[in-house]
Amino acid sequence: MAVVEQVAAPDAPARPPAPAPKSLLRRVCRDRTGAVALGVVLLFLLIALAAPLIAALYGKNPTEHYGQNTPGLLSDGGLPLAPNGGISAEFWFGLEPGLGRDVFTQLLYGIRTSLLIAFASAAVTTALGVLAGVAVGYLGGVTDRVFGFLSNVLLAFPTLLLLLALSPVIQSRLVDPGTAEPEWMQFLVLVLVFSAFGWIPLALSLRAAVRSLRERDFVQSARALGASRFHIVVRELLPNVRAQLLVHATMAVPSFVASEAVLSFLGVGITEPVPDWGRMISRGSEVFQADPTYMVFPGVALLVFVLAFNLLGDAVRDALDPRAAR
């Protein structure tokens with residue numbers, strides 16, 4: 001009589017656990033460079049949120065022309081008479097050449113301008129990248145091939161030139177001729193321009209990840225149990241690409257900050273009287289030989305912020321790498 005051996009069926013493959021927020025923060029803070037970068041980023045965020053309060057305590061605002069309204073602050077050529085760009089106990093970072101505005105409050109409100117555009121653009125590009133990348137990666141077939149072709153076509157265009165060309169066109173379509181463009185319109189145009197192409201790299205990355213994940217055992221098990229496509233995408237696939245989303249968002253914010261500054265430097269995007277770092281650097285380059293101090297502050301602020309956010313993105317990427325824990 002034959003003996004039939006009973007072999008215990010293996011457990012159904014479980015979905016890979018997503019990293020806990022506390023564990024992720026602990027890993028980032030364990031990296032000294034990441035901890036310093038996180039502190040710098042949080043400091044900039046705090047300054048941006050508290051800019052009106054700081055300006056009120058300081059007693060200045062970013063739009064008033066102090067140098068023109070008060071005699072003895074600017075020369076006939078519009079340069080600050082006091083040394084080092086007009087730095088004094090009354091004007092901590094000096095005065096803007098020409099208009100005579102306070103540099104310190106211009107920097108404070110310039111942080112708000114850059115962060116608002118960068119975070120809004122990062123949110124829109126992340127949402128578009130998730131929708132396109134996950135859907136195309138899961139569906140595959142003709143949809144995947146068409147998307148790949150269109151993405152390569154869009155990536156072939158020079159992004160900076162398109163940004164310079166599209167921004168005035170969008171503004172002219174949304175605002176009537178001879179009408180002053182509102183501030184919210186300037187922000188909206190930049191977000192739309194950045195979002196037009198910023199979602200493609202994330203979508204391509206998620207497309208490749210989802211194509212691999214859809215063949216994993218936990219997805220096949222969910223499909224065999226009769227789970228709907230919506231359930232598979234939301235409960236099985238998205239939790240496994242959260243790491244990519246977090247890294248993308250962390251790296252996208254400084255990229256958008258730098259891009260916005262470049263456009264403002266070239267005269268496109270945010271216009272007067274909204275404070276903006278790129279326009280401050282542009283103005284500083286015009287008077288650099290006569291007054292190099294004015295260009296230093298926005299340039300250093302932009303460099304420190306972008307560098308800190310990039311280092312934070314590297315720390316987050318390392319913290320999410322399972323090999324780093326070993």
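Taking 4.5 Å as the limit, some side-chain heavy atom of L45 sits within range of a side-chain heavy atom of F119. Taking the side chain as every heavy atom from C-beta outward, R101 and E64 never approach each other to under 4.5 Å. Side chains of V136 and T143 form a contact here, defined as non-hydrogen atoms less than 4.5 Å apart. Using a 4.5 Å heavy-atom threshold, the side chains of V253 and V41 count as separate. Contact of the P80 side chain with the L74 side chain is registered, since non-hydrogen atoms from C-beta on lie closer than 4.5 Å. Taking 4.5 Å as the limit, every side-chain heavy atom of L131 sits out of range of all side-chain heavy atoms of W199. Residues E260 and D276 have side chains in contact (heavy-atom distance under 4.5 Å, counting atoms from C-beta outward).
Judged by distance alone, with hydrogens and angles left aside, the side-chain atoms of T125 form a donor-acceptor pair with the main-chain N or O of A122 at under 3.5 Å. In this structure, Y109 contributes its side chain and A55 its backbone to no donor-acceptor pair below 3.5 Å. Put simply, the side chain of Y58 gets close to the backbone of E90: a donor and an acceptor are under 3.5 Å apart. A distance-only check finds a donor-acceptor pair linking the side chain of S285 to the backbone of S282 [under 3.5 Å]. Counting only distance, with no hydrogens or angles, the side chain of E96 and the backbone of G284 share no donor-acceptor pair below 3.5 Å. Under a 3.5 Å cut-off, the side chain of T113 and the backbone N or O of P275 do form a donor-acceptor pair. No donor-acceptor pair under 3.5 Å is formed between the side chain of T250 and the backbone N or O of G313. Without hydrogens or angle criteria, N84 side chain to I87 main chain gives no donor-acceptor distance under 3.5 Å. Using modelled atom types, one side-chain atom of R112 and one backbone atom of A48 make a donor-acceptor pair closer than 3.5 Å.
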With side chain to side chain contact (heavy atoms under 4.5 Å, CB included) as the test, would you mind laying out the steps for D144 and R211 before giving the verdict?
CA-CA 10 Å; D144 182 77; R211 287 174 62 181; 3.5 Å; yes
List the steps and the verdict of side chain to side chain contact (heavy atoms under 4.5 Å, CB included) for L38 and L312.
CA-CA 6 Å; L38 178 61; L312 178 61; 4.0 Å; yes
Is there a side chain to side chain contact (heavy atoms under 4.5 Å, CB included) between L115 and F305? Walk through the geometry before answering.
CA-CA 10 Å; L115 289 185; F305 178 79; 3.1 Å; yes
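Pairing each heavy atom of V210 with each of Y138, the nearest pair is CG1-N, 3.5 Å. Taking each heavy atom of V130 and L206 in turn, the nearest pair found is CA-CD1, 3.7 Å. What you find for L95 and L73 is that their closest heavy atoms are CD1-CB, 3.8 Å. Taking each heavy atom of P71 and N69 in turn, the nearest pair found is CD-O, 3.7 Å. Nearest heavy-atom pair, H248 versus T126, reported as atom, atom and distance to 0.1 Å: CD2-OG1, 3.4 Å. Between K60 and F91, the shortest heavy-atom distance links the atoms CE-CE2, 3.4 Å.
Cluster annotation: L81 is not connected to V103 through the hydrophobic network of ILVMFWY side chains, with a link wherever side-chain heavy atoms come within less than 4.5 Å. Both M251 and L42 sit in one connected hydrophobic cluster of ILVMFWY residues. Membership requires side-chain heavy atoms under 4.5 Å apart, directly or through other members. Cluster annotation: L57 is not connected to L108 through the hydrophobic network of ILVMFWY side chains, with a link wherever side-chain heavy atoms come within less than 4.5 Å. Residue V306 is not grouped with residue L311 when hydrophobic side chains (ILVMFWY) are merged at heavy-atom distances under 4.5 angstrom, including chains of intermediate members. By the criterion of side-chain heavy atoms lying less than 4.5 angstrom apart, applied directly or through intervening Ile, Leu, Val, Met, Phe, Trp or Tyr residues, V257 is not grouped with L46; the two fall into different hydrophobic clusters.
The aromatic rings of F194 and F256 lie tilted to each other, with the angle between the two planes from 30° to 60°. Using a 30° and 60° split on the angle between ring planes, F93 and F297 fall in the parallel class, below 30°.
Once rounded to the nearest 0.5 Å, the distance linking OG of S195 with CG of L190 reads 10.0 Å. If you take CD1 on I47 and CG on L53, they are separated by 12.5 Å, rounding to the nearest 0.5 Å. If you take CG on L154 and CZ on F149, they are separated by 10.0 Å, rounding to the nearest 0.5 Å. Taking OG1 of T63 as the reference point, atom CD of Q106 lies at 8.5 Å (rounded to 0.5 Å).
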